[in-house]
Each structure stands twice: as structure tokens, then as C-alpha cells.
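The block underneath contains the structure these notes are about, expressed in C-alpha cells.
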Amino acid sequence: MLYGVIAILLLGVVTSLIFSLILQFTETQEKSINLLITIISFLSVFAGGFICGGKGKQKGWLIGGATGLVYSLLILMYQFLGHSSLFSLEQLVYHICYILTAMMGGVLGVNILSGPVHN
């Protein structure tokens with residue numbers, strides 16, 4: 001799971017840097033790229049689940065879901081400890097969807113990266 005969570009966080013840092021540079025040096029407004037940021041967030045969580053599933057080689061839904069849960073808990077701890085606030089209802093829905101997306105990534109990671117299974 002560590003590989004998946006690190007992948008999610010690295011993708012998040014890289015995309016945050018790119019978007020901050022775009023917002024700083026162009027006339028683009030933050031509200032005009034909200035959808036793109038959301039899509040990239042889901043792709044990052046999917047990639048993290050995919051990596052974990054491929055490394056785990058079995059029970060991709062469980063490994064991917066756990067990866068999504070760890071990511072969501074890290075964000076919750078940051079938000080609670082750093083900003084003294086809990087998830088709003090909208091954020092809760094997003095994080096449930098992140099967990100489900102990581103599960104799907106884990107399932108595909110097991111099926112694509114683990115190769116043929118011999119009994």
C-alpha cells in the first residue's frame with residue numbers, strides 16, 4: 001500500500017505545482033480549472049490503486065480500497081490537525097468515491113500487472 005499512497009501523493013504534488021504555475025503566470029482563474037483538478041485527483045487515486053493491485057497480485061479490491069482509505073485518512077488528519085475542521089458532506093462524498101476508484105484501480109492492477117495465474 002505504501003507504493004500506492006506515495007504514488008498518489010507524488011502525482012498530487014506534481015500536478016499542484018503545475019497548476020499553481022499556470023494560475024500564477026496566466027490569466028486563468030481557479031474556478032475554470034476545478035473540473036480538471038477533480039479529474040486528475042481521481043486519476044491519481046486510480047493510479048495508486050492500480051500500482052498497489054499490481055504489487056499485491058491478489059485481492060485488488062481490498063488492497064486498492066485500503067490504499068484509498070489510507071489516502072483519505074491522511075487528508076482528514078491534515079485537515080483536522082492543520083485547519084481544525086472535519087470533512088464537509090461534499091468532501092465525504094468525494095473521499096468515498098476516491099476509495100471506490102482506488103478499489104477499481106486495484107482490481108485492474110491485479111488483472112493486468114500480475115500476469116497469468118497457474119493452479
Side-chain angles (χ1 to χ4, degrees):
M1 283 191 324
L2 184 62
Y3 287 115
V5 173
I6 289 173
I8 294 168
L9 294 176
L10 283 176
L11 287 169
V13 167
V14 169
T15 55
S16 293
L17 177 66
I18 291 168
F19 283 125
S20 66
L21 291 172
I22 289 171
L23 290 171
Q24 179 68 32
F25 296 113
T26 65
E27 297 296 321
T28 306
Q29 298 294 318
E30 187 176 350
K31 61 184 168 187
S32 66
I33 60 172
N34 276 342
L35 180 61
L36 185 59
I37 291 171
T38 301
I39 291 168
I40 290 174
S41 298
F42 278 101
L43 288 174
S44 298
V45 173
F46 181 84
F50 187 84
I51 290 168
C52 282
K55 294 262 183 212
K57 300 194 188 306
Q58 60 183 350
K59 295 187 182 176
W61 66 273
L62 185 61
I63 294 171
T67 302
L69 183 64
V70 167
Y71 170 72
S72 291
L73 289 175
L74 283 173
I75 299 301
L76 176 65
M77 286 191 320
Y78 171 76
Q79 186 170 333
F80 181 70
L81 297 174
H83 300 285
S84 299
S85 66
L86 293 173
F87 284 159
S88 66
L89 182 60
E90 180 183 6
Q91 288 174 316
L92 185 62
V93 170
Y94 272 109
H95 283 276
I96 289 170
C97 292
Y98 286 154
I99 293 168
L100 293 173
T101 302
M103 282 178 164
M104 289 185 283
V107 168
L108 281 175
V110 166
N111 291 324
I112 292 174
L113 297 179
S114 65
V117 176
H118 301 287
N119 289 331

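What you are looking at is a predicted structure, and each value in this text was computed from that prediction instead of being measured.
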| query | Any idea which heavy atoms bring Gln79 and Leu86 closest together, and the distance? | reply | NE2-O, 3.0 Å
| With hydrophobic residues grouped by side-chain heavy-atom distances under 4.5 Å, do Met103 and Leu108 end up in a single group? | no
| query | Does Tyr3 have any side chain to side chain contact (heavy atoms under 4.5 Å, CB included) partners at least two apart in sequence or in another chain, and if so, which? | reply | Ile51, Lys55
| note | Taken in chain and number order and not counting sequence neighbours, the residues that satisfy ring pair (Phe, Tyr, Trp, His ring centres under 6.0 Å) with Phe87 are His95
| remark: Closest heavy-atom pair, Thr67 versus Cys52, reported as atoms and distance to 0.1 Å, is OG1-SG, 3.1 Å
| Leu36 and Ile40, any side-chain heavy atoms less than 4.5 Å apart | yes
| side-chain contact (heavy atoms from CB on, under 4.5 Å) between Val110 and Trp61: does it pass, once the steps are laid out? | CA-CA 9 Å; Val110 166; Trp61 66 273; over 6 Å; no
| query | Any side-chain heavy atom of Phe19 within less than 4.5 Å of one from Thr28? | reply | no
| message | Within the supplied structure, the quantity of interest is the number of heavy atoms (other residues, nucleotides, ligands) at a distance under 6.0 Å from Phe42 CZ; does it exceed 12? | response | yes
| query | For the residue pair Tyr98 and Val45, what are the closest heavy atoms and their distance? | reply | O-CG1, 3.1 Å
| said: According to a hydrophobic-cluster definition based on side-chain heavy atoms being under 4.5 Å apart (Ile, Leu, Val, Met, Phe, Trp, Tyr only), do Ile75 and Tyr78 belong together? | reply: no
| Please, which pairs that meet side chain to side chain donor-acceptor pair (under 3.5 Å) have at least one residue in residues 11-24, sequence neighbours excluded? | none
| Minimal non-hydrogen separation, Gly56 against Ile63, with atom names | CA-CD1, 3.7 Å
| Shortest non-hydrogen contact from Gly64 toward Ala102 | O-CB, 3.1 Å
| Cluster check Phe50, Leu43: I/L/V/M/F/W/Y, side chain < 4.5 angstrom | no
| query | Can you hop from Val70 to Leu9 via hydrophobic side chains spaced under 4.5 Å? | reply | yes
| query | Honestly curious: do Phe46 and Tyr94 fall in one hydrophobic cluster under the side-chain, below-4.5 Å linking rule? | reply | no
| request: Check the pair Val13 / Leu17 against side-chain contact (heavy atoms from CB on, under 4.5 Å), numbers first and verdict last. | output: CA-CA 6 Å; Val13 167; Leu17 177 66; 5.6 Å; no
| field | Heavy-atom closest pair, residues Ser72 and Ile99 | value | OG-CG1, 4.1 Å
